[in-house]
Structure formats: structure tokens, C-alpha cells
Protein chains: 2
Amino acid sequence: MGLRERKKEKTRLAILDAALDLFLEQGYDSTTVEQIAGSVDISPRTFFRYFTSKDSLVLWFHDHGEEIITETLRSRPPGEPPFTSMVHGLRAVLSDMQDSTPQDAERFLKLRRLLDDHPHLVGLSVARGAETERRLAAAVAERRGVDPADDRMSHLVVAIAMSALRVGFECPKRERPDLGEVLGQMEETIVLVEGMLRPGWDLRGTREPSDRGEALDA
Amino acid sequence: MGLRERKKEKTRLAILDAALDLFLEQGYDSTTVEQIAGSVDISPRTFFRYFTSKDSLVLWFHDHGEEIITETLRSRPPGEPPFTSMVHGLRAVLSDMQDSTPQDAERFLKLRRLLDDHPHLVGLSVARGAETERRLAAAVAERRGVDPADDRMSHLVVAIAMSALRVGFECPKRERPDLGEVLGQMEETIVLVEGMLRPGWDLRGTREPSDRGEALDA
DNA sequence: ATCATCGTGTCACACTGTGACAGAAGTCGC
DNA sequence: GCGACTTCTGTCACAGTGTGACACGATGAT
């Protein structure tokens with residue numbers, strides 16, 4: 001990796017850290033791009049070359065997570081029930097976080113506190129999650145060998161799995177949990193969701209309600 | 001109702017209709033507030049007195065839906081399983097739509113087409129849904145008599161119910177479905193979700209995974 | 001060293017959204 | 001109808017986000 005790319009990555013993280021600190025200090029809305037840029041000594045224009053928007057600061061970890069899940073889906077055996085595959089994806093995300101550097105862990109926790117203080121930002125995060133859901137649903141539908149466009153079952157599989165992750169992330173037992181506690185709660189929530197589903201529900205093809213029942217296609 | 005309020009409502013709907021048409025014609029991003037305001041002969045400043053933002057045009061129906069669900073939750077018997085209550089809420093929303101005026105139905109379908117064409121807008125809609133979820137989760141937690149702050153079960157109940165509504169809304173079988181078809185698919189999706197859950201799952205208290213099982217508190 | 005490439009800053013600009021104020025229009029009393 | 005009062009609306013000014021164009025300097029390959 002060349003000097004250029006290392007420098008770029010360093011700037012990127014510098015911007016991110018400066019922004020998170022400013023957001024936590026004085027609030028998201030009251031922090032301007034100009035301030036963020038100023039505090040890492042770049043021009044506002046350059047800021048937008050690293051992050052497409054102020055909002056995207058809050059979403060920086062999404063891409064990585066989606067990538068992990070997508071890759072997990074690809075690596076799971078073809079016959080596996082789709083929800084099981086998704087859950088493996090979720091756990092891969094968690095274990096990736098567990099192995100993250102202390103700096104990344106701290107960023108993650110700062111972000112979590114930020115979302116806690118600003119419910120509006122949760123919306124952003126969820127909005128991004130919706131795009132992710134579409135792509136994952138398409139991947140799941142492909143695995144199931146059905147048309148991705150209108151397969152509600154695939155969408156539901158993904159939506160429910162993502163809900164588990166989100167609810168676990170959002171519901172803290174304590175005021176300022178550490179990384180292990182957050183991950184633990186996310187894992188607990190996954191277990192909770194697994195326990196609430198009827199075994200085999202995700203093997204059923206998506207048919208009209210009238211012929212549900214005999215349509216177990218695995 | 002005075003002349004003022006009628007006029008206000010008329011302007012509000014005129015703005016909404018003009019905006020939806022412009023959005024469908026030339027895209028959401030390429031339509032400016034100035035254009036919308038111009039096409040109903042008001043100043044841009046006035047536009048923002050009717051809609052707090054350009055985005056909020058896309059969210060105009062959310063408030064009503066949330067209100068219906070909240071009210072439904074209030075009216076259901078206290079001992080009812082929370083997910084059952086939520087499903088009643090969802091169906092109340094559907095039946096309210098069924099009874100809507102032709103104009104409202106058309107607006108709803110236009111909005112649906114708009115969301116279809118612009119995945120980005122789905123994010124907005126979902127973001128708003130997240131706020132709704134928080135409030136509904138608090139209401140559900142209250143019904144269950146547990147602390148609303150960290151009850152993952154309540155959040156899950158709401159998240160899953162809302163997922164059903166959303167997935168049904170988003171997955172069209174045909175290119176340009178009419179209101180009945182959309183509502184039918186939403187209903188089908190609700191049925192699908194009901195069928196995939198283990199009976200009684202939502203009666204369990206939110207405890208540590210270790211003492212799940214004996215914790216049936218209803 | 002040299003040249004092409006890429007990152008950055010500067011300038012200019014469009015768009016969204018808000019506060020302040022003045023004038024127009026609706027509302028209520030008489 | 002007239003006047004006083006309230007509410008709505010338009011104009012103006014402005015902060016902030018985000019983008020395109022261009023020029024300059026740093027980086028990387030040869």
C-alpha cells in the first residue's frame with residue numbers, strides 16, 4: 001500500500017474522530033462541516049471528498065457490516081434455511097467487532113452514544129439499513145431460487161434478522177456499556193429472535209395463503 | 001370549521017398533489033421547493049409553513065397510521081398478547097385505507113410508485129418508521145408492565161409487526177397495482193408473519209437467556 | 001529529473017430551511 | 001359596515017449542505 005493511500009486513510013479517520021468528538025460535545029446539528037474540517041485542518045470542500053455528506057459520518061460502519069453478511073451468505077451451504085444463513089451473517093458481524101482494534105471499538109461506542117442522544121440519527125442509520133435490506137433480500141431470494149423482485153419471504157427473513165441486530169444495538173441495559181456488553185446484548189437479542197420463530201418457517205415457499213401448508217420445498 | 005381551516009387544508013392538499021405529480025414527472029431530486037411552490041402559486045417560504053421539509057411530503061401519511069395503531073393498542077384488552085394487539089393495529093390501518101376517499105387512495109398509490117422509483121426515499125420512510133417504533137415499543141412495554149427503556153421484547157414485537165407492513169407495501173406483484181392489490185398483499189404478508197411465529201412467544205418476559213423457558217408470565 | 005496522476009484549496013453556485021418584519025386576509029365584536 | 005385582533009403570507013436576509021470547475025502542488029512511475 002502506497003504512501004498516498006495510507007495518508008488518505010489517516011485523514012479519513014482523523015475526520016471521523018474529530019467529527020464524533022464534536023458531535024458528542026456540542027450536538028450533531030450545531031456542529032458544522034466547516035468546524036469539522038477546521039479541526040483537522042482541511043478545507044470544507046475536501047471534507048466532502050472523504051465523506052459524501054455530513055450524514056454519512058454516522059453510517060461509516062454500515063458498509064463493512066453489509067459486506068460481511070453478504071460474504072457469509074455466499075459461503076453458507078446452498079440448502080441451508082435462509083434465516084439460519086442470515087443469523088450466521090449477524091454473528092460474523094459481531095465476531096468481527098469483537099476482533100476490532102481498540103480505536104475502532106471506541107469509535108463504535110462513541111457512535112452508539114451519539115445515536116442514543118440523537119434519536120433523529122437513528123433514522124439515518126435505519127434508512128441506510130433499508131438499502132442494505134433490499135440487497136440482502138435479493139441475495140437471499142437468489143439462494144432460494146425465486147424471483148427477487150416480489151418475494152416477501154426473503155424480505156422478511158432479512159428484515160427480521162436486521163431487526164434483531166438493531167434492537168440489540170439500541171436497547172442498553174446500562175448508561176455507558178462497553179463493547180463487550182453491547183455485543184452481548186446483541187447476541188442475546190439474536191437468541192431471543194431465534195427462539196420466537198417456528199422451526200422451519202423460512203423453508204416455506206412464498207405462495208398464496210390458500211396453499212400454504214403443503215408447500216414445504218426443502 | 002371556519003373558512004380559514006378549510007382553505008388551509010385545501011392548500012395543503014394542493015401542495016401535496018402538485019409535489020407528487022412533479023416528483024413522478026421529473027424525479028424527486030430534480031424537483032425544487034421553488035417549483036412546487038410555483039405550481040400552486042405560493043411563495044417558497046409558505047411551503048415550509050405547510051410542510052416542515054421537502055422530505056415530509058413523502059411522510060404525510062405516517063402520522064395518521066401511527067395514531068391508528070396507538071389508539072388500537074389502547075383499546076385492546078390488557079391481557080392480550082402484545083403481538084396480537086399490534087396485528088390488530090396493522091389491520092386497523094389497512095381497513096382505514098380501504099375506507100379512504102378516492103383522492104386519498106390515488107395519493108397513496110402515487111406515493112407508492114414514487115417510493116418504487118426512488119429507493120432513497122424508502123429510507124426516509126423507514127427513518128420515520130423508526131421513531132414510530134420507539135413510541136409504539138414504549139406503549140407495548142407499558143402494556144406489558146415492564147420498563148420501556150431496555151425491553152427488547154417490546155421492541156421486537158413492534159419491529160416485526162412494522163416489518164410485515166413494510167415488506168407487504170414494498171413487494172408488488174404487478175407493475176402498477178391498485179389500492180386493493182396493495183392492501184391485499186399487505187394483508188397476505190401479515191398472515192405470513194403470523195404463521196412464522198411460535199405461538200405464545202410474545203408472552204415471555206424479557207429475561208437473561210439462562211432463565212428462558214420457565215418464564216411464562218401470562 | 002520528468003511527466004502523468006491524483007489530492008487539495010479556492011471560487012462560484014444551487015438548494016434547503018429559518019428568523020424577522022410588514023402587509024394582506026380572515027375573524028369577531030359592535 | 002367598521003374597527004380591532006388574530007392569523008396567514010410574501011419579502012428579505014441569512015446559515016448551512018453539497019457540487020462543479022479550475023489551478024496548483026504533491027505523489028508515483030520510469
Side-chain angles (χ1 to χ4, degrees), chain A residues 1-23 25-60 114 118-121 123-125 127-128 131, chain B residues 1-23 25-60 114 118-121 123-125 127-128 131:
Chain A
M1 202 204 286
L3 169 66
R4 224 170 219 165
E5 298 194 34
R6 267 181 292 132
K7 200 173 171 183
K8 221 167 143 182
E9 193 57 22
K10 221 176 86 184
T11 307
R12 197 181 159 75
L13 290 176
I15 295 174
L16 186 57
D17 288 333
L20 285 176
D21 287 337
L22 284 171
F23 290 161
E25 234 174 84
Q26 39 176 305
Y28 181 81
D29 292 328
S30 345
T31 303
T32 69
V33 171
E34 200 178 350
Q35 279 182 303
I36 299 169
S39 85
V40 286
D41 235 54
I42 57 169
S43 78
R45 186 66 184 86
T46 298
F47 170 89
F48 286 107
R49 289 186 176 113
Y50 280 91
F51 293 91
T52 54
S53 69
K54 188 178 158 188
D55 292 347
S56 65
L57 284 164
V58 179
L59 306 170
W60 101 96
L114 187 63
H118 301 266
H120 161 261
L121 295 182
L124 282 185
S125 181
R128 176 57 161 278
E131 295 170 38
Chain B
M1 202 203 282
L3 168 66
R4 221 171 221 163
E5 298 196 34
R6 267 181 293 133
K7 199 173 173 184
K8 221 167 145 183
E9 193 57 22
K10 220 174 87 185
T11 306
R12 196 181 160 76
L13 290 177
I15 295 175
L16 186 57
D17 288 333
L20 285 176
D21 287 337
L22 284 171
F23 291 160
E25 233 173 87
Q26 40 177 307
Y28 181 80
D29 292 329
S30 347
T31 303
T32 68
V33 171
E34 201 178 348
Q35 279 182 304
I36 300 169
S39 85
V40 286
D41 236 54
I42 57 170
S43 79
R45 186 66 185 87
T46 299
F47 169 90
F48 287 107
R49 290 186 175 113
Y50 280 90
F51 293 91
T52 54
S53 69
K54 187 179 159 186
D55 292 348
S56 66
L57 283 164
V58 179
L59 306 170
W60 101 96
L114 188 62
H118 302 266
H120 160 261
L121 294 181
L124 281 184
S125 182
R128 175 55 163 278
E131 296 169 38

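First the proteins, then the strands, lettered A, B, ... as listed; each starts at 1. Just so you know, these numbers use all the heavy atoms, side chains as well, and skip hydrogens, waters and symmetry mates.
- Distance A/Lys8 NZ to C/dT5 P: 16 Å, rounded to the nearest Å.
- Position along DNA chain D of the nearest nucleotide to B/Arg45 versus A/Val33 favours B/Arg45 as the more 5'-ward residue.
- Separating the CG atom in A/Leu114 from the CG atom in A/Leu121 is a distance of 5.0 Å, to the nearest 0.5 Å.
- Between A/Lys54 and D/dG16 there is no side-chain N or O to OP1 or OP2 distance below 4.0 Å.
- Contact of the A/Val40 side chain with the A/Phe47 side chain is not registered, since no non-hydrogen atoms from C-beta on lie closer than 4.5 Å.
- Atom CZ in A/Phe48 sits roughly 15 Å away from atom P in C/dT8 (whole-Å rounding).
- The interatomic distance linking B/Leu124 (CG) with C/dT16 (C1') rounds to 14 Å, in whole Å.
- Atoms CD (B/Glu5) and P (D/dT6) sit 17 Å apart, rounded to a whole Å.
- Judged by closest nucleotide on DNA chain D, B/Thr11 is the one of B/Thr11 and A/Arg4 placed further toward the 5' end.
- Evaluation of atom-type donor-acceptor distances gives no pair under 3.5 Å for the side chain of B/Arg49 against the base of C/dG17.
- Using a 4.0 Å heavy-atom distance criterion, A/Ser30 is classed as making no nucleic acid contact.
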Derivation and outcome, side-chain contact (heavy atoms from CB on, under 4.5 Å), residues B/Leu16 and B/Tyr50: CA-CA 10 Å; B/Leu16 186 57; B/Tyr50 280 90; over 6 Å; no

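- Atom CD1 of A/Ile42 and atom C1' of D/dG25 are 17 Å apart (whole Å).
- When each of B/Asp55 and A/Asp41 is assigned the nucleotide of DNA chain C with its nearest heavy atom, A/Asp41 is the one assigned upstream, toward the 5' end.
- Using a 4.5 Å cut-off on side-chain heavy atoms (C-beta onward), B/Leu13 and B/Trp60 make no contact.
- If you take CG of B/Leu3 and P of D/dT7, they are 15 Å apart, rounded to a whole angstrom.
- For the pair B/Ser43 and D/dG10, the criterion of a side-chain N or O lying under 4.0 Å from OP1 or OP2 is met.
- As judged by a 4.0 angstrom heavy-atom cut-off over every strand, A/Phe51 is placed among residues making no nucleic acid contact.
- No donor-acceptor pair under 3.5 Å is formed between the side chain of B/Glu9 and the backbone N or O of B/Arg6.
- Using a 4.0 Å heavy-atom criterion, one finds that A/Tyr50 contacts the sugar-phosphate atoms exclusively.
- The distance from atom CD of B/Glu34 to atom C1' of D/dC12 is 14 Å, rounded to the nearest whole Å.
- C/dC15 atom C1' lies 13 Å from atom CZ of B/Phe23, rounded to whole Å.
- Looking at heavy-atom distances under 4.0 Å, B/Thr32 makes contact with sugar-phosphate atoms alone, never a base.
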